[in-house]
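These notes are about the structure you will find just below.
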Amino acid sequence: MIVGTPNRITSEIRSFCNRIVENSSPFHLPVEPDRKSIKLECFPNVENFISKNGGAIQYGWRIGEWYEIMLEAEFHAVWRAPNGDFRDVTPSGEKRILFLPDDTGIYEGRQIPNVRLALSKSRLVHEFIDIQGKLFEAMNEGELAEKHGAISLPAHKISPLMDRSRHLFIQIYKSTATKNSECYCGSGKKYKKCHMSSV
């Protein structure tokens with residue numbers, strides 16, 4: 001997994017989080033999905049979990065890191081137990097997440113853009129972050145902001161951005177990966193045994 005949960009909460013991460021939510025501190029919490037939870041569908045997953053177990057929904061941001069490349073915050077929801085403990089009930093492929101509570105945030109059906117911060121001075125990284133912002137705007141224009149799942153999108157707007165995003169992603173990955181890095185494709189294999197010869 002290229003963008004994954006940071007192992008340590010560094011001063012850089014704390015500063016990034018403070019820019020998103022003032023006076024709130026990130027913390028690690030376990031990912032313990034309900035057997036009926038749907039991957040990456042945190043909002044309905046938490047609501048369903050509450051209906052069976054009580055508690056409440058806690059909005060906030062899931063903090064990810066592409067090591068030495070960028071930090072990324074995704075609006076997210078976790079379950080808050082009646083005793084105040086937190087639990088991420090949405091499967092994501094990780095055993096724990098870094099979560100930043102946001103008591104001012106709320107999900108009302110409209111997509112919320114990720115927040116990103118470059119950790120590298122590379123022009124490619126800054127362009128990649130810029131392209132992600134443009135992609136979000138194109139994919140959530142007008143009524144699309146309230147739609148989820150498979151959506152028919154205008155290819156003339158999306159395809160060039162997607163192609164450029166993928167190109168930049170691979171170029172950045174190639175410039176930092178070692179033979180033993182996890183392959184960018186998500187297979188879980190080492191780069192040298194997967195896509196190394198094809199990029």
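Note that the structure is a prediction, hence the values are computed from the model and not measured.
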Taking Arg8 first and then Glu65, would you say they form a salt bridge - that is, a charged N and a carboxylate O separated by under 4.0 Å?
no
Close aromatic pair by centroid cut-off 6.0 Å: Trp66 and Phe169:
yes
Pair Trp79 + Phe86: ring centers closer than 6.0 Å
no
Given Glu127, which partner from the list Gln132, Gln171, Arg164 fulfils the side chain to side chain donor-acceptor pair (under 3.5 Å) test?
Arg164
Strictly under 6.0 Å, is that where the ring centroids of Phe75 and Tyr59 end up?
yes
Counting only heavy atoms from other residues, nucleotides and ligands, does the tally under 6.0 Å from NZ of Lys192 exceed 12?
yes
Steps toward salt bridge (Lys or Arg N to Asp or Glu O under 4.0 Å) verdict (Asp34, Lys52)
CA-CA 11 Å; Asp34 182 75; Lys52 293 183 288 185; 3.1 Å; yes
Glu94 vs Arg62, salt bridge (Lys or Arg N to Asp or Glu O under 4.0 Å): CA-CA, chis, key distance, verdict
CA-CA 12 Å; Glu94 298 210 53; Arg62 177 180 167 174; 3.4 Å; yes
Neighbour count above 12 (heavy atom, 6.0 Å) for Tyr67 OH
no
Spacing of Ser181 atom OG and Lys174 atom NZ [to the nearest 0.5 Å]
14.0 Å
For Arg96, I'd like to know if atom CZ has over 12 heavy atoms of other residues, nucleotides or ligands within 6.0 Å.
yes
CG on Leu119 to CD on Glu68, rounded to 0.5 Å:
8.5 Å
